Amino acid sequence: MPLALLLSRIRLPPAAMASTRSASSARLVRASRAEANPVVREVKRESSVSFDISKPESPSVKRKRVKRELEENGEHPVKQVVPDIEDFRYDKTKALISSSKATPPLVKVEKKARVSAVIKENWEAVLRGIKNMRLSGQAPVDTKGCEKAGSLLPPKERRFAVLISTMMSSQTKDEVTHAAVERLSENGLLDPDAIVRTDEAMLANLIKPVGFYQRKAQFIKEASKICLERFGGDIPDSLNELLALRGVGPKMAHLVMSIAWKNTQGICVDTHVHRISNRLGWVFREGTKQKTTTPEQTRISLEKWLPKDEWEPINPLLVGFGQTICTPLRPKCDMCGINNLCPSAFKESSSPNPKQKKTRSP
DNA sequence: GTCCGGGTCT
DNA sequence: AGACCCGGAC
């Protein structure tokens, strides 16, 4: 789930705060989030929305229906213009590295006895190699310079937009998320007060193209209420308080801290960062040499040695890399410029894996 | 047509 | 571990 493109559209001006805090306590925070933020409980489902989508229907029928509904959406009380999602469609051919010529200058690897030593000596070369690969092709995240939409907004509104778009963005292509943000914007709903006054079902309908839209509509309403009641309409400026928002987990919280507040508290570990870090042998479960099993383990492990300057850029870098070359299934190791630095290179079979077993045998 | 990925909550 | 959703891979 590439966020960088989306977020690059909402980038803030260089005015930012520089205070740094301890980056460690996300877990504790999550554990105690209920106490930390009593409002969260109160806000709990105050409206239950029932949707016509509950009817059983075939996936394809449903797909068509949703599409149609999107197109017809103009009939709603809130005047809206469906953003041209088609115009934002992710062009996969563009995203793929076009030629083997993408291979960057390779760095010699000398076998070292100790894995950690190898990592320490090579991480810079690895990052450099990945950057080079990213230059030759255009991953979705590479399309920058779309600061227009975001830069028109005052800082506070921009931060709110970042929060809302982040909350909508998980499991959703950033083009779609962006369209949804635009739709909210066009309806004057990039504003906590307006959102709170908007019917949840209507909100859900507006953001329908994004995944899990009902749940997100609920969470966005809750978050807006909390922003209003506790933060003067601004978004929380600490990791803890962001994590206290329902629908905001570690990944999104770190992202929002980086993008909205320019105050990176930790690494934003999504599925790409998680997968690639493990393939590179960059991260281990506490006290073992085993791969990490959760993004949070990856984050902790990565933060232990990766210089803080790299914390923010590592996400868009690996996301783009993961979209184009180091894909979850059948990574394109032959096109990868750092395959000589990667302990996992060519080790994952290009045809279906042990995973196949996983079909159904309870 | 079926299945799977992906972040978060429960 | 399953639910939430959709698009894309198979």
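So you know, we letter chains A, B, ... as the sequences are listed, proteins then strands, and number each from 1. All figures in this text were calculated on a predicted structure; none of them were measured in a lab.
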Chemist: Check whether Ser277(A) reaches the backbone of Arg275(A) with its side chain - one donor and one acceptor, N or O, closer than 3.5 Å.
Modeler: no

Chemist: Using atom NZ of Lys216(A) as one end and atom P of dC9(B) as the other, report the distance to the nearest whole Å.
Modeler: 12 Å

Chemist: Closest approach to the side chain of Thr271(A), judged atom by atom: which nucleotide of dC9(B), dG7(C), dG6(B) is it?
Modeler: dG6(B)

Chemist: Look at the side-chain N and O atoms of Gln214(A) and state whether any lies under 4.0 Å from the OP1 or OP2 oxygen of dC5(C).
Modeler: yes

Chemist: Starting from C1' on dA3(C), measure out to CZ on Phe212(A) and report it in whole angstrom.
Modeler: 8 Å

Chemist: Quickly work out the Asp270(A) CG to dG7(B) P distance and round it to whole Å.
Modeler: 6 Å

Chemist: May I ask you to test the Ser301(A)-Trp282(A) pair for a side-chain heavy-atom distance under 4.5 Å?
Modeler: no

Chemist: Send over the distance from Arg275(A) CZ to dG6(B) P, rounded to a whole Å.
Modeler: 6 Å

Chemist: Figure out the CD/C1' separation between Glu200(A) and dC4(C), and round it to whole Å.
Modeler: 14 Å

Chemist: CG of Leu255(A) versus P of dT8(B): gap in Å, rounded?
Modeler: 10 Å

Chemist: If you check every side-chain atom of Leu329(A), which of dG7(B), dC10(C), dG6(B) has the closest atom?
Modeler: dC10(C)

Chemist: Between dG5(B) atom P and Lys173(A) atom NZ, what is the distance in whole Å?
Modeler: 14 Å

Chemist: Between dC6(C), dG6(B), dC9(B), which nucleotide gets closest to the side-chain atoms of Pro328(A)?
Modeler: dG6(B)

Chemist: Which listed nucleotide (dG7(C), dC10(C), dC4(C)) is nearest to the side chain of Arg330(A)?
Modeler: dC10(C)

Chemist: Looking at dT8(B), dG6(B), dC5(C), which one has an atom nearest to any side-chain atom of Met252(A)?
Modeler: dT8(B)

Chemist: For Asp237(A), does its backbone N or O pair with a side-chain atom of Arg159(A) as donor and acceptor, under 3.5 Å?
Modeler: no

Chemist: Look only at the side chain of Thr327(A) and the backbone of Arg330(A), and say whether a donor-acceptor pair between them is shorter than 3.5 Å.
Modeler: yes

